[in-house]
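Just the heavy atoms: all of them, side chains too, but no hydrogens, waters or symmetry mates, feed the values below. Note that ligands are numbered from 1 as they come in the structure, with each ligand's atoms numbered from 1 the same way.
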Amino acid sequence: MPERIEIVTGDITRLAVDAIVNAASSSLLGGGGVDGAIHRAAGPELLAECRTLNGCPTGEARLTKGYRLPARHVIHTVGPVWHGGKQGEPELLRSCYRNCFAIARQQGFSSVAFPAISTGVYRYPLLEACRIAVEEARAALAENPKLKKVYFVAFSDEAQRAYQDAFQEVRS
Ligand code: AR6
């Protein structure tokens with residue numbers, strides 16, 4: 001595994017990084033899963049800032065502060081709902097990662113942590129999602145020397161295995 005990419009297990013809201021990524025809904029007004037956890041940990045100021053953003057289309061990303069989180073910022077991105085894979089889902093998921101990395105580059109962030117976007121409520125198959133995540137992280141790291149660390153947060157054993165398998169494939 002390249003040393004600038006690390007798979008970690010547990011709760012993304014505990015990570016003290018420049019930005020954690022939120023798998024949000026297009027309203028940006030909160031929800032369940034990792035979105036709910038991030039809003040609970042960040043406090044009501046996060047929702048107040050999100051209200052000013054007027055939502056976010058699928059595949060795009062928006063930046064807020066991190067408020068009570070140990071992370072300094074939150075990059076909110078809206079992954080695609082999985083409908084079988086022939087309705088542009090891979091391109092939209094790739095676009096989420098690219099737009100998050102573009103914000104990280106614009107802001108000069110050195111550390112960013114991602115949940116497995118779209119793989120919960122939105123039902124995107126884990127291994128396919130992890131492949132896209134790993135490919136885009138490698139591309140972003142190759143062109144952004146200021147970015148020192150990308151964390152992929154696995155919230156289950158299955159997710160951890162999927163990230164590891166995706167790494168093996170990309171490296172071989
Ligand atoms: N830390 C890290 N990963 C987590 C955490 C956590 N605290 N909690 C869940 N995960 P999901 P989606 C993992 O459903 O599929 C929301 O309601 C989880 O195991 O949070 O993109 C939004 O408002 C899974 O692997 O996001 C949207 O409406 C991954 O995070 C919708 O769900 C993503 O699962 C977005 O669905």
Closest by any non-hydrogen atom to atom 25 (O) of ligand 1: pick that one out of I38, V34, T119. T119

Decide whether an N or O pair under 3.5 Å exists between S118 and ligand 1. yes

Ligand-residue contact atoms, ligand 1 with G33, heavy atoms, under 4.0 Å: 8 (N), 20 (O)

What protein heavy atom sits nearest atom 27 (C) of ligand 1, and how far off is it? Y122 OH, 3.5 Å

Backbone of G43 reached by a side-chain donor or acceptor of R68 within 3.5 Å: no

Could you list which atoms of ligand 1 come closer than 4.0 Å to a heavy atom of F155? 1 (N), 2 (C), 3 (N), 4 (C), 5 (C), 6 (C), 7 (N), 8 (N), 9 (C), 10 (N), 13 (C), 19 (O)

Partner of D18 under salt bridge (Lys or Arg N to Asp or Glu O under 4.0 Å), picked from K65, K149, R72, K148, is R72

Run through H39, E49, H73, E45 and flag the one making a side chain to side chain donor-acceptor pair (under 3.5 Å) with Y67. E49

Where is the nearest protein heavy atom to atom 14 (O) of ligand 1: which residue, which atom, and how far? V121 N, 2.8 Å

From the list T9, V134, V8, side chain to side chain contact (heavy atoms under 4.5 Å, CB included) partner of F152 resolves to V134

Within the structure, is a non-hydrogen atom of G10 found at a distance of less than 4.0 Å from ligand 1? yes

Output the list of atoms in ligand 1 that are nearer than 4.0 Å to some heavy atom of D35, sorted by atom number. 22 (C), 23 (O)

Any atoms of ligand 1 less than 4.0 Å from a non-hydrogen atom of D11? List them with their elements. 1 (N), 6 (C), 7 (N)

Just do the side chain to side chain contact (heavy atoms under 4.5 Å, CB included) check on L63 and V74 with the steps written out, would you? CA-CA 6 Å; L63 181 68; V74 180; over 6 Å; no

Run the ring-centre check on F101 versus F109 and record whether the distance is less than 6.0 Å. no

Is the shortest distance from a Lys or Arg side-chain nitrogen in E136 or R138 to a carboxylate oxygen in the other one below 4.0 Å? no

Which bit of I12 is near ligand 1, meaning a heavy atom under 4.0 Å away: side chain, backbone, both or neither? both

Which residue holds the protein heavy atom closest to atom 33 (C) of ligand 1, what is that atom called, and what is the gap in Å? A116 O, 3.3 Å

Should the proximity of A37 to ligand 1, defined as any heavy atom under 4.0 Å, be assigned to the side chain, the backbone, both, or neither? side chain

Counting N and O atoms only, with roles assigned by atom type, does the side chain of N144 sit under 3.5 Å from a partner on the main chain of A140, one being a donor and the other an acceptor? no

Of all the heavy-atom pairs spanning T64 and L53, show the shortest one and how long it is. CG2-CD1, 3.8 Å

Looking at P70 and T13, what are the two nearest heavy atoms and their distance? CD-O, 3.3 Å

Under 4.0 Å from a heavy atom of G31: give me the atoms of ligand 1 that qualify, with their elements. 17 (O), 23 (O)

Within the distance-only criterion (no hydrogens, no angle test), does the side chain of Q168 pair as donor or acceptor with the backbone N or O of A166 below 3.5 angstrom? no

State if S156 counts as touching ligand 1 under the rule of any non-hydrogen atom under 4.0 Å. no

Identify which of A113, A23, G30, G32 has a heavy atom lying nearest to atom 17 (O) of ligand 1. G32

Within 4.0 Å of some non-hydrogen atom of V153, the atoms of ligand 1 are 2 (C)

Option whose closest heavy atom lies nearest to atom 34 (O) of ligand 1, chosen from S26, G120, A154, P80: G120

